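Treat the numbers as computed from the prediction; the structure is a model and nothing was measured. In what follows, every chain begins at residue 1, and chains take the letters A, B, ... in the order their sequences are listed.
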Number of protein chains: 2
Amino acid sequence: MNRKRCEVEIERLRRFIPEKDHFEARTQKLISLVDRLEEETLSPEVKIFKALADINRLKIVKLLKEGELCACELTVALDNSQSTVSHHLSILKNAGVIKERKDGKWSYFRLSDGAVIELLNQAKLLMDE
Amino acid sequence: MNRKRCEVEIERLRRFIPEKDHFEARTQKLISLVDRLEEETLSPEVKIFKALADINRLKIVKLLKEGELCACELTVALDNSQSTVSHHLSILKNAGVIKERKDGKWSYFRLSDGAVIELLNQAKLLMDE
DNA sequence: AGTTCATATCAAGAGATTTTGATATTTAGA
DNA sequence: TCTAAATATCAAAATCTCTTGATATGAACT
């Protein structure tokens, strides 16, 4: 969002809003808010939400709430192909939602933080409301 | 996930795990967990995460944290086309993340609940960790 | 060393989402 | 009633994401 364009737009919008002072305040607030929204800050957040925005990955996360599981157990549980599960696990790991521990030929996964559970709880709260 | 297939898999896995009793307990737990994961319960949650899994929609939500804004203000702020913003707003509304109030020819949007802000806070917590 | 199993990676196809431009709908005001 | 503005909707193109099947890698066991 570039500031010049925004100011041009303010001029345009100004014509349609009766209380000019109030409008002035609104758009000023808007401009400063947009300026503070940096894409670099937002993309790790998008990554987390993207990671949770899939039914298979959400199932994985819910299974891991109860404790550590290996990739092979998750493959059985989800009834998906091995490569699909591996792909989903890498997306979750990449987003920082889960952590991996290797033991011989097995890979064990666990939730990386209690914040994940809180995230799910808040989503449920919003859902039920 | 069907139970019979799961039990066949247990037989297969049993051969690779030394402590049979421990394994038995693990897989039993796994079976009961999977049985409790219903797709119907999970999809509204997926919908919420999908709604937040886009940089433009996340920007909208962050702008709305500070208060109500109309669609035209959001269009200016996001520097996107009118139809794109309208589309993103309808996805957020549909997921229950935002609420709409119509006033004349304007549509004003606001976060539907404090849970949305908490959701973002938890994501940030996870991100920073 | 050779085999087997667990997991990762890759390329291709199927499917979903996002953006765009055009066109509708609704509301306010002349 | 006519016009202009705000928003919604639609179809098509562009872009992602998911799944699959094939193959690669690396650990454990013989």
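Atom CD1 in B:Ile91 sits roughly 14 Å away from atom P in C:dA16 (whole-Å rounding). For B:Leu89 and D:dA6, the CG to C1' distance is 12 Å, given to the nearest whole Å. Atom C1' of nucleotide D:dC18 and atom CG of A:Asp79 are separated by 16 Å, given to the nearest angstrom. The CD-C1' distance, from A:Glu73 to C:dC5, rounds to 15 Å in whole Å. Here the C1' atom of nucleotide D:dA27 and the OH atom of A:Tyr108 are 13 Å apart, to the nearest Å. Atom-to-atom, CG of A:Asn80 to P of D:dT20 comes out at 7 Å; the value is rounded to the nearest Å. Rounded to whole Å, the distance from CG on B:Asn94 to C1' on D:dT9 is 14 Å. A straight line from CG of A:Leu74 to C1' of C:dA6 spans 13 Å, rounded to a whole angstrom.
Remark: B:Asp54, B:Asn56, B:Arg57 in residues 54-62 of chain B come within less than 4.0 Å of DNA chain C through at least one heavy atom.
Using a 4.0 Å cut-off between a side-chain N of Lys or Arg and a carboxylate O of Asp or Glu, B:Glu100 and B:Lys102 qualify as a salt bridge.
A pairwise comparison of heavy atoms in B:Gly96 and A:Leu126 identifies O-CD1, 3.8 Å as the closest pair. Between B:Leu120 and B:Val61 the shortest heavy-atom distance is CD1-CG1, 3.6 Å.
Here the straight-line distance linking atom CG of B:Asp79 with atom NZ of B:Lys59 works out to 8.5 Å at 0.5 Å rounding.
Counting non-hydrogen atoms of other residues, nucleotides and ligands closer than 6.0 Å to NZ of A:Lys62 gives a total above 12.
Projected onto DNA chain D by closest heavy-atom contact, B:Phe109 and A:His88 fall at different nucleotides, the more 5' of which corresponds to B:Phe109.
By the side-chain hydrogen bond (donor to acceptor under 3.5 Å, both in side chains) test, B:Lys65 pairs with no residue at all, sequence neighbours left out.
Listed candidates were D:dA8, C:dA6, C:dT9. Nearest to the side chain of A:Ser86 is C:dT9. Between D:dT19, D:dA8, D:dA6, one nucleotide has an atom nearer to the side chain of A:His87 than all others, and that is D:dT19.
Side-chain contact annotation: B:Gln82 with B:Thr75, donor-acceptor N/O pair under 3.5 Å absent. A donor and an acceptor atom, one from each side chain of B:Ser83 and B:Ser86, are nowhere located under 3.5 Å apart.
When B:Asn56, B:Ile55, B:Leu52 are each tested for a side-chain contact (heavy atoms from CB on, under 4.5 Å) with A:Val46, only one passes: B:Ile55.
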*Assign a letter to each nucleotide of nucleotides 21-30 of chain C from its 5' end: B, base within under 4.0 Å of a protein heavy atom; S, sugar-phosphate only; -, no contact.*
B-----SS--
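As judged by a 4.0 angstrom heavy-atom cut-off over every strand, A:Ser107 is placed among residues touching the sugar-phosphate backbone only.
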